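A short write-up of the structure that comes next.
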Amino acid sequence: MPEIILEDPDGTFAMLRDSVAAFAQRFDGAKSLRARRGAGRDLDRDIWSAMAEAGWLGLMLPEDLGGAGLGLSEQAILSEALGRALITEPLAQLSVFSGTLLAGAEPGAERSRLAEGLISGSLVVSPVWQTTDGGFAVVTATADVAGVTLSGTADLVVAAASADVFLVLARSKDERVLISVPAGSDGLSVSERPTVDGATLAQVRFDGCPVAAEQVLARGLLGNDLLDDAIQATRLTLAAELAGAGSKALEATVDYTKERVQFGKPIASFQAIQHRLVDMWSVAEFSCAAIVNALERLADEPGKPAALAVLAAKARAGDAAVDITRKAIHLHGAMGFTDECDIGLYMKRAVNLNATLGNPAQLRLQFVALERAA
Amino acid sequence: MPEIILEDPDGTFAMLRDSVAAFAQRFDGAKSLRARRGAGRDLDRDIWSAMAEAGWLGLMLPEDLGGAGLGLSEQAILSEALGRALITEPLAQLSVFSGTLLAGAEPGAERSRLAEGLISGSLVVSPVWQTTDGGFAVVTATADVAGVTLSGTADLVVAAASADVFLVLARSKDERVLISVPAGSDGLSVSERPTVDGATLAQVRFDGCPVAAEQVLARGLLGNDLLDDAIQATRLTLAAELAGAGSKALEATVDYTKERVQFGKPIASFQAIQHRLVDMWSVAEFSCAAIVNALERLADEPGKPAALAVLAAKARAGDAAVDITRKAIHLHGAMGFTDECDIGLYMKRAVNLNATLGNPAQLRLQFVALERAA
Amino acid sequence: MAEQQDWNSLSDTEFRKIFRSWVDENCPMRLRNMRKQRPVFDELADWYHALADKGWLSPVWPQEYGGMGLNAAKHIIYVEEWARLGCPRIPDHGIGLVGPLLIEFGTEAQKAHYLPRILSGEDVWCQGYSEPGAGSDLASLRTAAVRDGDSFIVNGQKIWTTLAHCANWILLLTRTSRDEKVKQKGITVLLVDLTSPGVTVRPIENLRQEADFCEVFFENVRVPAENLVGEVDKGWNLAKAVLGHERIFLGAPSRPEVALSRLEQLAEARGAFADPAFVARYARLRLDLYDLGSAFERFAKQLRDDGTLGADVSVLKIFCSELYQKITEETLDIAGEEARFLDDLPTGNGEVDAMNLYLDSRALAIFGGSNEIQRTILAKAVLGLPS
Amino acid sequence: MAEQQDWNSLSDTEFRKIFRSWVDENCPMRLRNMRKQRPVFDELADWYHALADKGWLSPVWPQEYGGMGLNAAKHIIYVEEWARLGCPRIPDHGIGLVGPLLIEFGTEAQKAHYLPRILSGEDVWCQGYSEPGAGSDLASLRTAAVRDGDSFIVNGQKIWTTLAHCANWILLLTRTSRDEKVKQKGITVLLVDLTSPGVTVRPIENLRQEADFCEVFFENVRVPAENLVGEVDKGWNLAKAVLGHERIFLGAPSRPEVALSRLEQLAEARGAFADPAFVARYARLRLDLYDLGSAFERFAKQLRDDGTLGADVSVLKIFCSELYQKITEETLDIAGEEARFLDDLPTGNGEVDAMNLYLDSRALAIFGGSNEIQRTILAKAVLGLPS
């Protein structure tokens, strides 16, 4: 089955894949997802701790913050494997996105505390910055005689109920600042809605939530690339997870159609089914090739070529995973339409990840606008 | 194979179909098209005369102008049959469009002369009104001491080299007028370009071309529906021709794939080919149903419902014929890629008709704009 | 009880008006445009009884059995108005399947016993056709019925049995003899009481996590011989026959119609109609739906004129199910990041159940014969393509 | 004559630079970006001879035979730069097919005789594989070669023989024995002089009304036995072997690249980039092309690393040919009414050959094994699906 093909001289990638496979033996992805969904929870804390123990949460964080100091290639291989195994805890947001912001924040005690907690799994650090249309939320930090307070609303917050700390992107006068807000702070409220893949997304409201000086992790975020870097890294992570999910859904469908007999033959022997499976395999191959291209551009041609490549990779992997899993459902027949069959969980997961941080249509438009910009 | 299904209590439709079948025995469509293309001509005058003798050119013209006084249903059945037989002389423009304009023009000697000539085939009456983008050409009628003259340029003129008379839609001050201009008039020039289906479209230039009072056939065309009626009737005619061409291309492909043996079996026995053929058949059925719906709306609900139905029918029939003939080429294999095989002529014909008076994307937008207009 | 009238003698317009106005007045608003495609009997009981009292529960049963006795043309109007008013689908296996089967092939005793109990809601039926190894290839079913004195003993398993957990009777296709050459031979139709010892019903949740179908297990279930319909070993054609003209409704535009209205609602709320790229995609879907209406009417007319339909009618089901999917996919696309939510999307003017419809739209292309099977049937039946 | 150098020892960048600059300087501008996909020998003779003199005509032949001896990695650069500079495809059956075949399987006498005559342009070769009854199913070919003393007598017919009317030699697959069980057995490769008595060549016009392929008829054509390549009855694997890594180039992005640049040119001229609906469709095509580049690189890398490719490489050809069609279809769509013209469309900044490309794009999905065949091969070879 298609996978991200990278040279692996020291065996790091093989090791990462093996460690996910071993992990999936302990924590079955589909079973865990159903359990979390049944409980209405947004994060499985046991799994999260185990992921921390595996060293995955701080994979890309620099070593001076306690991380492994690895790069996006390692992250992509890891996330692809997690996607295959349907391990759906929100690593992309809670580790890659939050981690990139922390790595780029100003050195200080709070930053060190959060990084350490993030890496060890003891702190769930959830980023807060979007509206439901994917744009920037308006959360404003205002200073008066009583001190600085936050007000405003953000959406699409993952693991909000489980979060220990919110990493809030706020406006303060003309600049954008990054603020750490402990869960349970005064004036902070959270309301959750279920996601299609059995977790939740929350609206987080700040109503005069007090902020101490040491909670401000970074300033001047309009003028630098930190946020763009975080979005880019997260998109590539999501692309890899989508590629893994798509590839696994294809594999499951190939297996199913080889076994399922109708009219005296396995349905995989019917030409119409075969061609459909080949088309699914093709887009899976293209996803992996697009991700490899993005990783190479990031290494060789940072800037515009890399930005284009990441947009293309997320768009392709999202389109492919959604397309593959839809067809997979169909090829599983009535069985595919049941909740008991794991294939539906892959489809729902693909729908969520595909819509996260830009769906393919939006990303393609960004690509063209960027490419055609003088 | 799919066809336009209408109740035929007095057998008119069956008679029309039979007459086209007999006609096609005398004038083989593909052979005639190749001959005309080889000669670089825009009209086969012999075929045109024979079509006149068959009574087809004045089918919808009122009886008081010498026509048969029949309706769009008869025209649709006729054009569908012509489409099947690949009889490609531009009936839609030279009979339906020109005829509708003449029928709506003001009574007078010139109108009677043109109608008679159109019906008998002795005059080729070619409408002149468009630019290459399908919009209205700017041809201006100006009066000064020397009299009225025409100036301006129009495009997409069919049979311009063969035309005896041009039916020019011109601007005169604030109104739109219809003017008859004899071929060979002073200041009139014609330059032809080949069309994909082996005829030509011309640019017609008027450079101070004199116009006598009796050449003005109608005035005030901005305020009435004549032009809209002509466009609507022509679109439905084109839709029917497209439906006929698509249905025949499907039939030819079914026949070919039943005969063509590869790997010891007719290729029509392979499931992937079968499903492709079924999809071709489906859109052909939908084309015919859309045309029947348009004819019924025109009869029962003139105005907006009919206008919507005609837009839908032309869009569907165009999309279907282009899609069917593309697939037909492919299913004919290498043979389909040769000029010797008639299937390519059907494909080229479909491309031309589909792009005439609005391609499907444009027509769909018009549909939505009209439907959503308060 | 029921109002009797020769509905077929009315003009289409008259009938449509009479039918529509009574239904609109009597079908409770809480049941209109339900999120569930198939509500269970208990949710609908009052509306069910109201229809039965009016004599309008069974559109095609002859009036002597308490139906309306509608011909195909009037039946289409019945279904169209039903959809237009957003009325819920009622548990319809008794009305649509068991009733017509018994009326055509049942004994007088069977008719006298079962038909009134369907109308009264006392019996709620389900349909036991599919098996784990016999889905698209229905003829290979294996649930066995063996004659034992004045009974049959049934062993085996059915699956995808819609709403079996809310039914008390099942129309069961069983195998009574094995002839591998012609698998359709040796199939027998039995009426089986689901409360019989040895029957186990296990609901299965679908993608929307609703239990609308079940597995049904039969372990030495004793079925009285008088519950046989027709003859032993000759049940196949009988089971097929009652499908009749109802196949046209699988391709009726109502599902994509509902989905498109939701797409429009969301698009209005999110400002998508100001984006020409959306409008172009919307236009394609809108025209597909419009043309599906024209194609539906083409077959409806044939049904009105000839009283019968060919295999070609399944083109509607293929087009309809694929259009339904395209519309729900577009709805998720314009939802952007909100496509991640399972619950309904607020619009300021009602909610849009984008994900509910998206998930539901997966079903129609699978059930009732997958679109692949339908295409293969069309290839042979309509285009005469070789095997 | 030819400059000899170990090209493979250069870095990719160095080689690319050297190759590109000489070609750019020496390939006549009148031959760049030609409308014809396959110009005939006479149109290109001076450029052909210039390449031969330079020793750059045959990228993969070993240098001892007058080639460049490029490995797969360098060959890809050769092809990429060729495409990027808009150089014309030269009649390449001698260079790409006959040369490698003889170098691997030919006798010393054959190599000494034929290879220099290919480089000099004295012999122009075509490839006699397909027959009327053997297209996708090539192994069922029937053109017969019967041994007669020191000759073979050939009877039969080939079709789709590219540029046979401009060639003087044909590489011919013939049937020398019939074994219906294994059709690939009994096939023999012969080198046949097209000026031999009994050979008739009939050009066939394609959809663009250009004669770029032919039928070739053989009536008792006498072929000397020394023109046999390899062994009698064992020609199948030999014919297949020389395809080698060249299959990757069937999926190279050059054709859709050219088509997309034409689409952009027309879109700029007609203002389509101001229409968000067009931009959305364009974006899809642009990204498809971009991703085809990534996928091409994925296989090119495999070729560089392993020196070989699997069956999976044909995914490129499928994607590439279908993308090429989509782009040319979109070009006609935005041409609006102008899609009716056969000739090129003026833009004020050069002409766009919309119809020429549209018609040309029909070919790639058919020739070199239809996309259906390719998908079936992939199903078995890559996914291991059962028959």
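Quick note on labels: first sequence line is chain A, next is B, and so on, each numbered from 1. Only a predicted model underlies this, so the values are computations on that prediction, with no experimental measurement involved.
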Output the distance between atom CZ (B:Phe136) and atom CD (B:Gln130), rounded to the nearest 0.5 Å.
8.5 Å

Among B:Lys265, B:Gln271, B:Glu371, who wins on heavy-atom pairs under 4.5 Å with chain C?
B:Glu371

Interchain contact, B:Gln274 with chain C, by part (heavy-atom threshold 4.5 Å):
both

Just give me the residue among C:Arg375, C:Arg286, C:Gln302 that pairs up with chain B most often, heavy atom to heavy atom, under 4.5 Å.
C:Arg375

Closest heavy-atom contact between B:Leu86 and B:Leu345?
CD2-CB, 3.7 Å

Determine the option with the most heavy-atom pairs under 4.5 angstrom with chain B, choosing from C:Glu297, C:Arg284, C:Gln374.
C:Arg284

For C:Glu372, is it the side chain, the backbone, both, or neither that has a heavy atom closer than 4.5 Å to a heavy atom of chain B?
both

Per-residue tally against chain B (heavy atom, under 4.5 Å) across C:Leu378, C:Val315, C:Asp291 peaks at C:Asp291

Could you tell me which non-hydrogen atom of C:Asn71 sits nearest to which non-hydrogen atom of C:Asn8, and how far apart they are?
N-OD1, 2.9 Å

Show your reasoning for whether ring-ring contact (aromatic ring centres under 6.0 Å, His included) applies to B:Phe367 and C:Tyr290.
CA-CA 11 Å; B:Phe367 180 106; C:Tyr290 182 88; 5.1 Å; yes

Structural part of C:Arg298 lying under 4.5 Å from a heavy atom of chain B
side chain

I need the minimum non-hydrogen distance between B:Arg326 and B:Met347, along with the two atoms involved.
N-CG, 4.2 Å

Have B:Thr131 and B:Asp133 got a donor and an acceptor in their side chains that come within less than 3.5 Å?
yes

Interface moiety of B:Ala309 toward chain C, non-hydrogen atoms closer than 4.5 Å
both

Report the option among B:Ala268, B:Ala361, B:Ala315 that has the most heavy-atom pairs separated by less than 4.5 Å from atoms of chain C.
B:Ala268

Check the pair C:His75 / C:Phe249 against ring-ring contact (aromatic ring centres under 6.0 Å, His included), numbers first and verdict last.
CA-CA 10 Å; C:His75 188 196; C:Phe249 297 122; 4.7 Å; yes

Please flag which part of C:Phe319 lies under 4.5 Å from any non-hydrogen atom of chain B: side chain, backbone, both or neither.
side chain

Between C:Asn371 and chain B, which part of the residue has a heavy atom less than 4.5 Å away: side chain, backbone, both or neither?
neither

At a heavy-atom separation under 4.5 Å, does B:Val368 approach chain C through its side chain, its backbone, both, or neither?
side chain

Charged N-O contact under 4.0 Å between C:Lys17 and C:Glu81
no

Region of C:Ser387 that comes under 4.5 Å of a non-hydrogen atom in chain B:
backbone

Stepwise, does the side-chain hydrogen bond (donor to acceptor under 3.5 Å, both in side chains) test hold for B:Ser247 with B:Arg84?
CA-CA 7 Å; B:Ser247 181; B:Arg84 285 188 71 83; 3.0 Å; yes

Spacing of B:Leu238 atom CG and B:Asn354 atom CG [to the nearest 0.5 Å]:
10.0 Å

Applying a strict 4.5 Å limit to non-hydrogen atoms, the region of B:Glu251 in contact with chain C is neither

I'd like to verify something: which residue of C:Leu316, C:Leu292, C:Ile318 has the highest number of heavy-atom pairs under 4.5 Å with chain B?
C:Leu292

